[in-house]
Amino acid sequence: MTDSLTVRDNRTGQEYDVPITDGTIKAADLGKIKSGEDAPGLAVYDPGFVNTASCRSSVTYIDGDEGILEYRGYPIEQLAEKSNFLEVAYLLIHGSLPDKAQYDAWVHEITYHTFVHENVKTFMQGFRYDAHPMGMLMASVGALSTFYPDARNISDADNRHMQIVRMIAKMPTLGAWSFRHAQGKPYVYPDNDLGYTANFLSMLFKMSESKYDADERLVKALDVLFILHADHEQNASTNAVRSVGSTQVDPYSAVSAGVGALFGPLHGGANEAVLRMLRRIGSKENIPAFIEGVKNGNERLMGFGHRVYKNYDPRARIIKKAATDVFEVTGTNPLLDIALELEKIALEDEYFVKRKLYPNVDFYSGLIYEAFQFPPEMFTVLFAIGRTPGWLAQWLELTQDKEQKIARPKQIYTGDRGLTFTPASERWA
Ligand code: ACO
């Protein structure tokens, strides 16, 4: 078997041998195929990059047919059960698990960079009283580049490390303050005696008590949710980080582009839609009629189906378990019964089976977030905090990848050509 593709260009009758490497062909090789000496080379038209590999990456592996998700080779199930978010962040950034000294140093560094410059607080306070927390997060992450102008020096390894630590450390502070802002509550400073996730809960919910003592089961559940969201290879927001990062801008600017991409309802917003759907269904008795509506094409079963997973999304299984743990503390959410029944009926129904539609990460996550008393606008902020190490691991990989270039796709031009311009004074006369 030869690892190549023979292409015959019927415009010219010429044949080309295009090498196949890692299951891909190079778009540049297709560019050598021309209809004439001066004609442009053949290009690939792929809106949404549905079938285009943009990079080589050793961060995250997904097998959508088998429902496998691995970070640096470790199955997500094992990491969610036996690790914690900061250790997973270390793994994603460094590529291997830390020894004890490395872990302690990493946790220490992250913990002691949770504070932000007081001026960050001042400008965050300047947002409108009802500002969306994702807008505040996007703006404040981007603004960090003005507080750390040295971050532009992305060719220096120590410098890159410093910005990575800062960003992972400060994201919960910025996220929590965005939440407090809309509630008209004072911003709470980080408590460095607490672990990463417990400190985040403290900054979110602490009032006059001297120490905020979150229930350990809630801390664990939120930590697991952060782990599950930590990376998902070349998704829309990671692609945004890489695309902006390819200009060699500082990582704060690149990550703020990722936050912007995540803000979109097609990316980070589906869990909110699941809650709305469950509320609309209202009770278990209404499920069969709802399912009929889905099958007739009048409805969409939100939280089901995935572009990559054609099997149970492994994250959904773990979240389902975390939901049970959270409800032990907070009391159950009546919508859970509807969700469980909906899942049961859908998984047995021919329509969903045939199309390989299974619950995705968003089917249960909204229920948990609601149990924490987060308003829906905060769901995506939580996603962004979890995804930050993934964005940074991918950015780091990008900065060291010699094959990478500034991201600059081609277009198929469909407009006019060669028109003659008439000045406004003549056109409007
Ligand atoms: N409910 C009902 N039918 C569905 C659903 C669904 N949730 N998802 C897909 N289908 C059907 C489609 O109608 C289509 O049927 P057809 O072949 O008869 O036309 C078939 O399944 C294939 O679906 P596509 O839309 O082609 O799949 P695609 O990969 O483009 O879409 C997506 C994936 C957008 C996630 C889709 O499944 C969906 O809209 N799901 C609901 C929204 C959701 O939960 N999004 C969160 C995704 S996870 C994340 O972003 C973190």
Side-chain angles (χ1 to χ4, degrees), residues 46-52 60 62-65 67-69 71 76 134 224-241 258-281 287-320 322 335 338-339 342-369 376 378-388 390-391:
D46 187 10
F49 310 130
V50 180
N51 193 25
T52 297
T60 288
I62 300 177
D63 182 333
D65 292 330
I68 293 172
L69 169 61
Y71 296 160
I76 190 69
M134 272 302 266
V224 167
L225 281 157
F226 284 157
I227 292 174
L228 299 183
H229 286 92
D231 197 51
H232 214 231
E233 51 121 301
Q234 305 312 312
N235 58 88
S237 58
T238 301
N239 182 58
V241 171
V259 178
L262 192 63
F263 198 177
L266 290 187
H267 193 0
N271 45 17
E272 191 187 336
V274 172
L275 286 182
R276 275 202 305 272
M277 173 189 75
L278 294 175
R279 269 199 198 95
R280 199 154 50 81
I281 296 174
I287 293 177
F290 176 80
I291 294 277
E292 273 318 299
V294 172
K295 287 157 66 172
N296 295 337
N298 302 327
E299 304 267 9
R300 193 144 264 242
L301 177 46
M302 298 311 287
F304 258 65
H306 197 277
R307 173 60 62 79
V308 179
Y309 293 116
K310 301 302 169 199
N311 201 323
Y312 213 103
D313 179 340
R315 301 167 299 173
R317 216 185 290 277
I318 301 165
I319 288 192
K320 196 172 164 184
L335 297 179
I338 301 175
L342 196 53
E343 179 190 334
K344 190 164 151 278
I345 292 178
L347 290 182
E348 286 166 0
D349 193 292
E350 162 80 7
Y351 175 94
F352 299 91
V353 174
K354 208 171 100 202
R355 290 171 178 77
K356 299 188 175 164
L357 299 172
Y358 293 86
N360 61 47
V361 68
D362 287 322
F363 193 65
Y364 289 104
S365 63
L367 288 172
I368 303 187
Y369 295 150
M378 270 303 283
F379 294 179
T380 334
V381 171
L382 302 169
F383 192 155
I385 295 171
R387 184 55 56 88
T388 300
W391 285 332

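All of these numbers come straight from a predicted model, not from anything done at the bench. Atoms within a ligand are numbered from 1 in the order they appear, just like the ligands themselves.
Among all non-hydrogen protein atoms, the one lying nearest atom 51 (C) of ligand 1 is Asp362 OD2, 3.5 Å. Scanning the protein for heavy atoms near atom 40 (N) of ligand 1, the closest one is Phe304 O, 2.9 Å. Of all protein heavy atoms, the one closest to atom 42 (C) of ligand 1 is Met302 CE, 3.4 Å.
Protein non-hydrogen atoms do not reach within 4.0 Å of atom 22 (C) of ligand 1. For atom 10 (N) of ligand 1, a protein non-hydrogen atom is found at a distance below 4.0 Å. The presence of a protein heavy atom under 4.0 Å from atom 26 (O) of ligand 1 is ruled out. For atom 32 (C) of ligand 1, the nearest protein heavy atom lies 4.0 Å away or farther. Taking a distance limit of 4.0 Å, we find that atom 37 (O) of ligand 1 is approached by some protein heavy atom. In this structure, atom 48 (S) of ligand 1 has protein heavy atoms in its sub-4.0 angstrom surroundings.
Between atom CD1 of residue Ile287 and atom CD1 of residue Ile345 there is a gap of 5.0 Å, rounded to the nearest 0.5 Å.
Side-chain atoms of Tyr369 do not come within 3.5 Å of backbone N or O of Met378 as any donor-acceptor pair. Judged purely by atom type and a 3.5 angstrom limit, Asp63 has no side-chain atom pairing as donor or acceptor with the backbone of Ile68.
Considering only non-hydrogen atoms, atom 8 (N) of ligand 1 lies nearest to Leu357 out of Val308, Asn360, Leu357. Residue nearest to atom 16 (P) of ligand 1, selected from Arg300, Arg355, Lys310: Arg355 (by heavy-atom distance). Considering Ala270, Ala273, Ser365 only, the shortest heavy-atom separation from atom 46 (C) of ligand 1 involves Ala270. Residue nearest to atom 28 (P) of ligand 1, selected from Glu299, Arg307, Lys354: Arg307 (by heavy-atom distance).
No side-chain heavy atom of Tyr351 sits under 4.5 Å from any side-chain heavy atom of Ile291. Using a 4.5 Å heavy-atom cutoff, the side chains of Leu347 and Tyr312 are in contact. Side-chain contact between Glu233 and Thr238: absent, with no pair of heavy atoms (C-beta onward) separated by less than 4.5 Å. Residues Ser365 and Phe379 are not in side-chain contact: their nearest non-hydrogen atoms beyond the backbone lie 4.5 Å or more apart. The shortest side-chain heavy-atom distance between Ile227 and Ile76 falls under the 4.5 Å cut-off.
Of all atoms in ligand 1, listed by their number and element, those nearer than 4.0 Å to a heavy atom of Val361 are 51 (C). Those atoms of ligand 1 that come under 4.0 Å of a heavy atom in Gly303, given as number and element, are 43 (C), 44 (O). The Leu301 neighbourhood of ligand 1 comprises atoms 1 (N), 2 (C), 6 (C), 7 (N), with distances under 4.0 Å to a heavy atom of that residue. Near Gly305, meaning under 4.0 Å from any of its heavy atoms, are these atoms of ligand 1: 35 (C), 37 (O). Short contacts between ligand 1 and Val294, defined as distances under 4.0 Å to a heavy atom of the residue, involve ligand atoms 2 (C).
Closest approach of Ala339 and Leu367 over heavy atoms only: CB-CD1, 4.0 Å. Here the closest non-hydrogen pair linking Leu301 and Ala346 is CD2-CB, 3.9 Å. Smallest separation of non-hydrogen atoms from Phe352 and Val294: CZ-CG1, 3.7 Å.
Ring orientation note: the planes of Tyr309 and His232 are tilted relative to one another, at an angle of 30° to 60°. The aromatic rings of His267 and Phe383 stand perpendicular to each other, their planes meeting at an angle above 60°, with 30° marking the opposite boundary.
At least one heavy atom of Tyr351 sits closer than 4.0 Å to an atom of ligand 1.
Counting heavy atoms under 4.0 Å from ligand 1, residue Asp313 does not touch it at all. Under 4.0 Å from ligand 1, the heavy atoms of His267 that appear belong solely to its backbone. Neither the backbone nor the side chain of Val274 comes within contact range of ligand 1; no heavy atom lies under 4.0 Å.
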